[in-house]
Amino acid sequence: LFSSTFCTKGHGKYIVTNVGMNTEIGKIAKELNEIENKKTPLQNSLDIFSKYLAILIIGICALVFIIGIYRNGKVLDSLMFAVALAVAAIPEALSTIVVIVLAIGTEKMAKENAIIKDLKAVESLGCISVICTDKTGTLTTNQMQVKEVECYYKNIIERCYIYIYTS
């Protein structure tokens, strides 16, 4: 008998052997806490883009610094101008824009009756065209076989609704 077990009929005696995190439910909770958060492809792409953008900005600022020294010979003025250029060129709102775009995607999916808890899931779910579930709505375990696909267009530009019939 595990914790969180419900008894609908009958009676019995049991001895408590473990409590808290030592129970089976506690072990599951511990494993859930130890899950490592992996970066999504969008986050990886943004990291790579940010790295290349930073290298480009530093290169341009170094070039502006060298040209400034060459033209007027004042190191401090050239350095101040190059630093000001670097500060102005860095896109500080990039992460905010990404969050706003993902939130808009969540809103659009909510209009299609898809509730999303985590904004990172929008990126993955945005690429999915068909989700196969059984009649209770739970995800399948690769045992469902498609027998027939019927497709009709609600709006040609908007989307194609697919009905999957299984045996």
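If you read the sequence from its start, that first residue is 1, and numbering goes on from there.
Evaluation of the side-chain hydrogen bond (donor to acceptor under 3.5 Å, both in side chains) rule for Lys30 yields no partner, not counting sequence neighbours.
Within the structure, salt bridge (charged side-chain N to carboxylate O under 4.0 Å, His left out) pairs that include any residue of residues 92-106 do not occur (at least two apart or interchain).
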Enumerate, atom names and distances included, each donor-acceptor pair closer than 3.5 Å involving a side-chain atom of residues 47-57, sequence neighbours excluded.
| from | atom 1 | to | atom 2 | distance (Å) |
| --- | --- | --- | --- | --- |
| Asp47 | OD2 | Lys39 | NZ | 2.5 |
| Ser50 | OG | Leu46 | O | 2.8 |

Which pairs would a plain distance check flag for residues 62-90, meaning a side-chain donor or acceptor within less than 3.5 Å of a matching protein atom at least two apart in sequence or in another chain?
| from | atom 1 | to | atom 2 | distance (Å) |
| --- | --- | --- | --- | --- |
| Asn72 | OD1 | Lys74 | N | 3.1 |
| Ser78 | OG | Gly68 | O | 3.3 |
| Ser78 | OG | Ile69 | N | 3.1 |
| Ser78 | OG | Lys74 | O | 2.9 |

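Counting side-chain heavy-atom gaps under 4.5 Å among Ile, Leu, Val, Met, Phe, Trp and Tyr, the cluster of Ile97 also holds Val101. Chaining together hydrophobic side chains whose heavy atoms lie under 4.5 Å apart leaves Ile58 on its own.
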